[in-house]
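A short write-up of the structure that comes next.
Chain naming here is simple, since letters A, B, ... match the order of the sequence lines and numbering starts at 1 in each. Bear in mind that the values here come from a model prediction, so they are computed numbers and not experimental data.
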Number of protein chains: 2
Amino acid sequence: MVLHLFSMMSKRCKYALKALIKLGANYEKGNLFTADIANSENIPKKFLEQILLDLKNAGYLGSKSGYGGGYYLRKSPKEITVADIYRLFDGAIALLPCVAVQFYEKCEDCTDEGTCTMRREFNKISEQTRLVMQKTTIQSFLKKPK
Amino acid sequence: MVLHLFSMMSKRCKYALKALIKLGANYEKGNLFTADIANSENIPKKFLEQILLDLKNAGYLGSKSGYGGGYYLRKSPKEITVADIYRLFDGAIALLPCVAVQFYEKCEDCTDEGTCTMRREFNKISEQTRLVMQKTTIQSFLKKPK
DNA sequence: TAGATACTCTACTAATTAGGTAGAATTACT
DNA sequence: AGTAATTCTACCTAATTAGTAGAGTATCTA
């Protein structure tokens, strides 16, 4: 380690969430242009285009082409969790492949999963992260602070 | 996302923890050879050498060169947390740079941290992960299941 | 129906990181 | 002296990230 910030959310995922929050604030009030989201959120427009397309293909967004077009949220902000979006862009919510729920893979160096204490403890750790990410929704970001 | 496992612990970090657990089981009972740890944990020996050296330089291990040498744990297994080792090899325990405790960095696209709801919510998420990683120690891995 | 606007799709690229390998130097015991 | 083990530096390859570029398609307005 020299001095960097590994293992964080990718920018794709972060930008996706920011766009969803913006679109969530406009839920059931019409479309937003990619360009407007890009400007207000400081996201490179061509990069955002790809991300919005991914979100559309995954069913979160609808779109209209041409003049007066744009994107809109198809699901309620309450139904979209951070866990869903994270899994879509960044993959497993887990620190070891063998404790992932949606993207399970055996560890290459593991000889017995049943007795592996790495697996036991990291399952606990990843479980906590999953719980919080599952209960945090786009709606959570829209709430005013108390 | 095609189908990969991002954002997990690096192998460096995983191997470091496995080595610490092995050395922890031998705490205050003498040295272990790099070669023996590499064999029993299925870790490439030359790669493990670097990792053990990092752990030594960080103060977790002591070593003896030459015939009958090897590595031993300098701290109690109870005092070494997963959070410490993760930070040493993989950096920040946080999903956004702006919510990191030990490796804080401003997000480039952020205009006002005070009102940023991404920061507010991801701080909650990362806080949970940190808490669990801080209370999980090398000793936790050594305990038998109940 | 021409033109403007905005999404759609595919391909490419540069920088960084992960996960190692290689080999020489040093230390210490027998 | 020889052997066993750590120490240290340099290097390598493949994959991934964070974009950019540009052509194509759909849709509205004048």
Considering heavy-atom distances to DNA chain D, does B:Glu108 or A:Lys64 have its closest nucleotide positioned more toward the 5' end? B:Glu108
If you check the [X] side chain, which of [options] turns out closest?
X       : options                : value
A:Gln50 : D:dT7, C:dT10, C:dG23  : C:dT10
B:Ser65 : C:dG19, C:dA28, C:dT8  : C:dA28
A:Tyr67 : D:dT7, C:dT5, D:dG22   : C:dT5
B:Ser10 : C:dT21, D:dG22, C:dG19 : C:dG19

Interatomic distance, B:Asp109 CG vs D:dA18 C1' [rounded to whole Å]: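 To the nearest whole Å, that distance equals 13 Å.
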Nearest whole angstrom, please: distance from the C1' of C:dG19 to the CZ of B:Phe89.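 Rounding to the nearest Å, CZ of B:Phe89 and C1' of C:dG19 are 14 Å apart.
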Can you see whether A:Lys56 engages A:Ser63 through a side-chain donor-acceptor pair at a distance of less than 3.5 angstrom? yes
Determine whether the side chains of A:Lys22 and A:Ser40 contain a donor N or O and an acceptor N or O closer than 3.5 Å. yes
Angle class for the B:Phe122/A:Phe141 ring planes (parallel below 30°, perpendicular above 60°, tilted otherwise)?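 Aromatic pair B:Phe122/A:Phe141 classed tilted.
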Looking at every strand, decide which applies to A:Lys11 at a 4.0 Å heavy-atom threshold: base, sugar-phosphate, or nothing. sugar-phosphate
Classify A:Phe33 by what it touches in the nucleic acid, base, sugar-phosphate, or nothing, heavy-atom distance under 4.0 Å. sugar-phosphate
When only distance counts, do a donor and an acceptor, one from the side chain of B:Lys46 and one from the base of C:dG19, lie under 3.5 Å apart?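 No such pair is found, so the answer is no.
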